*Asks:* 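Quick one: this structure, given as structure tokens, is what I'll be asking you about.
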Amino acid sequence: MEKEEIRKVYAGYDLGEEYCQISLFSPENGPEPISVPTLLGGEKIRIPMVLAKKKKIEQWYYGEEAIKQIEQEEALPVTNLFEGSKKQETIELEGKRYQMVLLLQMYVRKTFALVLSYVPLDRIEMCTFAVENIDKETIQMWKTITEGLPITKAALRLISYKEGFAYYTAFQEELPWEHGTILLEYSQEKVKAKMLTVDKGTVPKLLFVEEKESDIVGKEDTLFFNYAKQLFLQHRAAVVYLIGEGLSEGWYPETLKLLCQGRRVFRGQNLYGLGALQFSGLQLGVKQQEYLYLGDDQLHVNFFLKAVYHGEEMDYELISAELHWYEAESSIEFVPDGEREVAVFARSLDGKCEEVIRVALKDFPDREEKASRLQLRLYFTEKHKGVIEVEDLGFGQFYEATHKVWKEEFDLQLLEQKLNGNIRHIKER
Amino acid sequence: MGRMLICCGKKAETPLYMKEFQISVSTIEEICYCLKKNLHMLDKSIMKEQICSFIEQQLGMETLAKQLRAVIEKQEGLSAFVRCIMKSVGYLSEEELLYLEAELKEVEGKSNVVRRKAKADFLLEHKKYAKAAVEYNNILREEILEDDKITGDIYHNLGTTYSRMFFFDKAAKYYNMAYEKNKDEESYACYLLALHMYLPKEDYVKAVTEEMVPEETALALEQRLGQALLDEKESSKRNRMNEVTKYRQLGYVQEYYWALEKVFDEYKQEYRRSMSEG
């Protein structure tokens, strides 16, 4: 690793519905990542997702301090920040209305103050947020809450818990996790599992995570035992992680014995935050990309054009697979030569299959050949909906731009299934 | 099968004004198009530091700028210079490039008079009449004209330039001079037509008699003029005026005057552009 890379500072932020947790890597603070405690020198690392407004004045508390102020009846509580923000709700406090998403923005900004004990915030070169699930509302919420941070947009990323789990595990070099890893989580009185598998037949090796909720409600050792037993029948596991406060208690001794039979078992609270941190490191090139997570939020195809660039005929990459659909977009300008149709190619991950999405340029302006400049934009409006737009930009002083736009939408899921059928087979192995 | 050329370099914040072609360009692709379109007007005057600096600083294409400077320094010629630019973008296929090089070699082999005439012809074709007139007059004044055919063509085009500017008396003079040099019947026909356009009818008849113009020639000219008038009736400009006139016929007086004003404004703009020497 180059000296300059070692000096990079990056962070991971577990944005849960009931708490958040920040992980940080900064060379000045040692060679290992830090799980930022709620109090300097303290051991608690989970920050309750609670805000409280001091009565009669505009003063706000967060986390443990907010809980304390609420208990002392000195402040008014704001809970349900995460869901309320997603749903764009408002709350009324002492006759004034507040947008939940802006309160969550404030909360996030205040939690980042904890990082100041280690590094100034403007030194963070990459910060990845991890959330349970990613949908349109979550993405919009995330964009709003991160606006208040002194970190540039380009240095902010968003991943799911599944992806955080995958990348956390991938960097546990001493563990036999490639033989199968299961994460058991107790959250909101429910048990759920995430199963990690590896496809070693590619470079980089591909990681897949499957999720399974259980019917178990409450803390019943027998039910938990049967659930775990069933899981191990279906999924091999050499490593097990236990997360969630419910699993830090001793209510499941029989299940624990089962888990420990021939497996390495670990308990923790900051797996997702550290996974997000590892993702940040990968984006900065600090870590080697030996493994690549492929989940529902990633594109499973590569998009490109067969074009001429700097005089060379080539497959010109527009968007590469592995990017999250909500981040993937491409915009290029080109000059058509004898073409009244734009062909965007999609290629499977193994490079063996191709499909074409065509955009017909109907009613193209009457001009000489190679005297038009067009802009092509490729982006995704939803998880499975891709859009290709082509706009006429004219040709300088030779031909005025009409700004006519040709548009084509396509179903990404269908496209991926058509191209990557073999990938599904590997996952089920 | 068509191709797609991915655009190279940046779009210039400050376009380059290419004086030779009377146009500003902002991208390398526009430069390529401009060079290809005006191949027959190209000469070594485009091979200068100004274009290299523009390509380097405004378009961000340092490698190309370096290559072009090397071509200039080694005096490799116009063909090498243009090829370098075209290849950097892939604007032309290999076949088109070979054709271009052959054409450029031919252009390079042409005399100064021919190249300057091509430039003046370009201005005439693009309705820059005042500039075209200046250029033709400059050639006639500055160059040694040994070829009667080319000289005649220059006079002829100068006559055409003046006729487009409605200076039919000057047009007639130069068409006549053209005929004396090139003996082209077309030049003579244009001379008579120019006379027709500015002389009163009786003076025109007198002139035609004095010139001893054969009757069939005079008749053919009348037919030609008649056809031109008919063509004008079906032209887009006439159609436009007919549309405007309809407003008046339908009683929409206000709309009629608005539309009329708009059309006249456009004609004025067009005329000013054609008469501009800037």
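Keep in mind that what you see is a predicted model, and the values were worked out from it rather than measured. Hydrogens, waters and symmetry mates play no part in the numbers below; they use all other heavy atoms, side chains included. Chain naming here is simple, since letters A, B, ... match the order of the sequence lines and numbering starts at 1 in each.
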*Asks:* So which part of B:M61 gets closer than 4.5 Å to some heavy atom of chain A, the side chain, the backbone, both or neither?
*Replies:* side chain

*Asks:* Report which part of B:V25 has an atom under 4.5 Å of a heavy atom belonging to chain A: side chain, backbone, both, or neither.
*Replies:* side chain

*Asks:* Identify which of A:L376, A:L374, A:V335 forms the greatest number of heavy-atom pairs closer than 4.5 Å to chain B.
*Replies:* A:V335

*Asks:* Measure the CD1-CD distance between B:I6 and A:E312 for me, rounded to the nearest 0.5 Å.
*Replies:* 13.5 Å

*Asks:* Just by modelled atom types, is the B:I23 backbone N or O under 3.5 Å from a matching donor or acceptor in the A:Q397 side chain?
*Replies:* no

*Asks:* Counting only heavy atoms not in A:K385, do more than 12 sit closer than 6.0 Å to its NZ atom?
*Replies:* no

*Asks:* What's the shortest heavy-atom distance between B:Y33 and A:E368, and which atoms?
*Replies:* OH-OE2, 2.9 Å

*Asks:* Tell me whether the count of non-hydrogen atoms from other residues, nucleotides or ligands lying under 6.0 Å of OH in B:Y267 goes above 12.
*Replies:* yes

*Asks:* Between B:K11 and A:E333, is the closest basic N to carboxylate O distance under 4.0 Å?
*Replies:* no

*Asks:* More than 12 foreign heavy atoms under 6.0 Å from CD of A:E400: is that the case here?
*Replies:* no

*Asks:* State, with a plain yes or no, whether a side-chain heavy atom of B:M4 is found less than 4.5 Å away from one of A:Y316.
*Replies:* no

*Asks:* Give, as side chain, backbone, both or neither, the part of B:L64 having an atom under 4.5 angstrom from any heavy atom of chain A.
*Replies:* neither

*Asks:* May I have the step-by-step check of salt bridge (charged side-chain N to carboxylate O under 4.0 Å, His left out) for B:E96 and A:K370, ending in yes or no?
*Replies:* CA-CA 13 Å; B:E96 286 172 317; A:K370 289 186 271 196; 3.0 Å; yes

*Asks:* Quick one: OG on B:S24 to CZ on A:F398, what's the gap to the nearest 0.5 Å?
*Replies:* 9.0 Å

*Asks:* Go through the atoms of A:R373 and report whether side chain, backbone, both or neither lie under 4.5 Å from a heavy atom of chain B.
*Replies:* side chain

*Asks:* Could you check whether atom CZ of A:F410 has more than 12 heavy atoms from other residues, nucleotides or ligands sitting under 6.0 Å from it?
*Replies:* yes

*Asks:* Side-chain contact test, heavy atoms from C-beta onward, threshold under 4.5 Å: evaluate it for A:I332 versus B:C7 and give yes or no.
*Replies:* no

*Asks:* Determine whether more than 12 heavy atoms belonging to other residues, nucleotides or ligands lie under 6.0 Å from atom CD of B:E266.
*Replies:* yes

*Asks:* Tell me, yes or no, whether the heavy-atom count around A:K404 atom NZ, taken from other residues, nucleotides or ligands under 6.0 Å, exceeds 12.
*Replies:* yes

*Asks:* Chain A: which of B:S93, B:P15, B:S88 shares the most heavy-atom pairs with it under 4.5 Å?
*Replies:* B:S88

*Asks:* Kindly check if the number of other-residue, nucleotide or ligand heavy atoms within 6.0 Å of NZ (B:K87) is above 12?
*Replies:* no

